Every structure is written in C-alpha cells, then in structure tokens.
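Before we start, here is the structure in question, set down as structure tokens.
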Number of protein chains: 2
Amino acid sequence: MSPRIGLDEQTLLRAAAELADEQGFEAVTLASLAQKLHVRSPSLYNHIEGLGALRAKLAFYSLSILYDDLAAAVEGLEGDEAVYALGAAYAAYARRHPGLYEATLRAPDRQENELERVSSEIVGLIVGVLRYYGLEGDAAIHATRGLRSILHGFSSIERSRGFGMALSVEVSQKLLISAFLAGIHVMKQEETGRPNPAAK
Amino acid sequence: MSPRIGLDEQTLLRAAAELADEQGFEAVTLASLAQKLHVRSPSLYNHIEGLGALRAKLAFYSLSILYDDLAAAVEGLEGDEAVYALGAAYAAYARRHPGLYEATLRAPDRQENELERVSSEIVGLIVGVLRYYGLEGDAAIHATRGLRSILHGFSSIERSRGFGMALSVEVSQKLLISAFLAGIHVMKQEETGRPNPAAK
DNA sequence: TTGCCAAAACTAATGGCATTAGTTATTATA
DNA sequence: TATAATAACTAATGCCATTAGTTTTGGCAA
C-alpha cells in the first residue's frame, strides 16, 4: 500500500510517548508501537536499536520535557516562591504524562550518557533554586536530596493512586513543601551560630 | 528423578523473593522461578495462578514484612523519636530488600483485597505515630501524605542510585524528617489560634 | 496390606513477543 | 536515466506464559 512511510526516531519517540501516557508504560512494546505506526515490528530496527534502546530514549525524552517545564516554571522567581512553583510544575508533569513519568523510573542504570546529563541538569535546577537559602557544603546536598525526595515521592504515590481520601492533593503537596522550607530555615539558623534554642 | 518435591505457595514466594532481591524484580519470571526450584514452569500452576498472581502475592508478602518491621521499630516509642525510628526502619527495609520493595511499586492496581488491607495497615501505623501531634481533620491527612511521600521518595531514589554524592544518606534522611517535623510544629501552632506570625 | 484417587509434576502444543537474516522496492542522487 | 543507499518487508528463531492432556505418586480407606 504505502511503503516508505518515512519514519524517524523522533516520530517513534512521540508515538511511544502517546502509547505510554494513554495505556501505561507496560503497553510500550515494539509490537504495539509498530501497529500504531502501521508498520511491521522489524521495520522499527531501521530507526532504533531494539526495545531496550527505545525505553532508554523514552526516558531521556521524558526528562528533557520535564526539565523544560521545570525551567520555565522557576524562570524569574526565587526563594519560597520558586520552590513552590517547582513543586507545582513537577506534580503537573507527572499528572499530565503518567507513562512518560514512569519511563524515567524504569530507566536502565543510567549508563546512558544522555540520561546522566539531563538528570544532572534537573538536579542542577533544584540546586539553583535552593542556592537562595545560602546553605553551605553538605547542608546544600542534604537539602537537595530532601527536595528531590519530596517531589518524587509525592508524585509517585499520587500516580499509583495511593492517596485514597478525597482531599486536595495540591494542598497536601504545598503543605509538605512548606514543612520542608520551615526545616531549611531551621538548618540555616543552626548553621549561623545557633542563636536558636531549636525545638524542644 | 524426584517427582513430588512438595512445593507450596509459601515456598514459591520465598524463592521469588530471593530472586527479586538478588537479581531484581524483572528477573522474577515463571521460567526463572521454575529453574530455581528444579521444576518445569507449568508445574508452578499447581500452586499459583500465573505470573500476575505471583507478582501480586509477592507485593503482599513484601508489604507484610515491611509492616512487621515498621511496627517493631515504633514499638514503645512516641513523638519525634517514633517518627525517626519509622523512617530508619523504612529505609533499612528498602535497602535490605530492593527487589521486594520494587514489587510493592509494581503491584497491579490494588484490586487485590489483601494488598489493599496491608497497605492500609501501614498507613494506619503512620497515622498512629502522627497522632501524638494532635492534628485535627484535614491536617492529619495532609501530614500523613507528607510523611509517606518522604519515606517513599527517599528510598525510591536511593534504590535507583539517584544520590550520587558520597555523603551519608542516613544523615540526609534524618534531616529531611526533622524538616518535616519542624513543619508539623508550625502547622500545629497555626491550628491553635495562630500565636505565630509564620514565616515571612 | 492393598488398592484407589486427588493432585503434583510432567510433556506437548499454542500464541505473543523481540530479534536476526535476508529480500524487495523506493527514493535520492550521480 | 541508472545506481546506490536504505526503508520496509517476509521468513525464521528462540524465549516466555499459558493451556490441555498425561503420568505418577503418596496418603488414606477398605
């Protein structure tokens, strides 16, 4: 009927992303992708080196979009406002792209250099936002780990429908972040020569 | 050679758990499990209803152990001490049983009643620990969601080798929890008629 | 002790998947 | 217009889960 459809890697990734978000990450197979593109599955090997490579590139594709979303969200903001914006954008991404978000979690040990790089860039964005609080050395690393844990943990549980109660998840996330910020302020005070008797 | 080995579901689950922790959740297949048990894979169907059921029961098995670990850890403690103990036990479980921990994340939509129940029991444990802080209504739910997010998010990132820097993860987790507790105290104050001008 | 039967484990077969080898045919370009 | 690169194809292999149907065993009742 129509040989030479003109596929390329970008087309494959976009189609795979749709499959992931509509039917879940599990549904992304070479067979289903080939069907969606009206092609036989061996034809896909002309554009990508198998299922493993597809998944790795899908994770990269996903993290790239996430990075862009996060960067746009914090653009021009700083301090608490930037942290809240970052959290909202992160959660929104995971909600809008559940399958792509899952793809980032299934990434095969970031041996892949590309993956490594974009992951670092996202961490760098978080570090940049937290720089405002002037934490030194180890404290900055601990804080970054903490915020990453909060962002991922919250979205991950939300995605798996882990929050049963009918109560705003946006409010929950905002409160969690504000708790984190309260902790940052305490850390900061203790660092500056502890003029603070700390909590009981 | 030796027909009638005498398998049962518990034996299958224990072997599957070993496979998961030693070689990763992906490695748990009926084929690999059968090989480990010196049996042909169709024989497994005498004891479990296929791969899906095996995975679901493995998730249940995992959460049951996690529940026991957490319950033992908070036994006799309350307040901040209980929360720290809970966090340490949670992280220790995820470290000691990476494959089993992953199994809980891959659980097929907790349609399974058993799974639903043990998940609720774990949430109940967290609710119990947070009850000490006397939060009312929605605040209690938000706090529970927050602590769950922290525990899961941290362990999840640690498991995927997401924390690159050579800096104690135990300290990171403890600081994160202390930040959370600082936030709880602030929430509590605001709830009690706001004698607190809140952060800027 | 003997014989029976429930069920544990088996072999054989099916279908879906990823992957490889080798073929056809189209498109760009020389 | 002819050729070379390559997109897409068919055919075939091997692994996996699963089902059907068979063999064999071990406990239990007569």
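Each chain gets a letter, A, B and so on, in the order the sequences are listed, and its residues count up from 1. What's counted below: heavy atoms across the whole structure, side chains too, no hydrogens, waters or symmetry copies. In this text the structure is predicted, and so the values were computed from the model without any measurement.
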Hey, is CD on A:Glu49 packed in by over 12 heavy atoms from elsewhere, all under 6.0 Å?
no
Mark yes when over 12 heavy atoms from residues, nucleotides or ligands other than B:Glu22 sit less than 6.0 Å from its CD; otherwise mark no.
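It does: B:Glu22 CD has more than 12 such atoms within range.
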Counting only N and O atoms by type, is there a donor-acceptor contact under 3.5 Å from the side chain of A:Arg148 to the main-chain atoms of B:Gly162?
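A pair under 3.5 Å: yes.
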Expected output is a numbered-order residue list: members of residues 9-38 of chain B with a heavy atom under 4.0 Å from any atom of DNA chain D. What is it?
B:Thr29, B:Leu30, B:Ala31
Remaining members of the apolar cluster that contains A:Leu167, side-chain heavy atoms under 4.5 Å
A:Met165, B:Ile141
May I have the distance from B:Ile5 (atom CD1) to C:dA9 (atom P), rounded to whole angstrom?
6 Å
Looking only at side-chain N and O atoms, does B:Asn46 offer a donor or acceptor that is under 3.5 Å from a partner on B:Ser43?
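B:Ser43 vs B:Asn46: no donor-acceptor pair found between side chains.
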Residues of residues 41-51 of chain A with any non-hydrogen atom less than 4.0 angstrom from an atom of DNA chain D: list those, numerically ordered, please.
A:Pro42, A:Ser43, A:Asn46, A:His47
For the pair B:Arg95 and B:Glu170, find out whether any cationic side-chain nitrogen is under 4.0 Å from an anionic carboxylate oxygen.
yes
Hey, is B:Glu158 close enough to A:Arg145 for a salt bridge, meaning N to O under 4.0 Å?
no
Determine, stepwise, if the pair A:Glu18 / A:Arg14 fulfils salt bridge (charged side-chain N to carboxylate O under 4.0 Å, His left out).
CA-CA 6 Å; A:Glu18 275 187 31; A:Arg14 270 191 282 266; over 6 Å; no
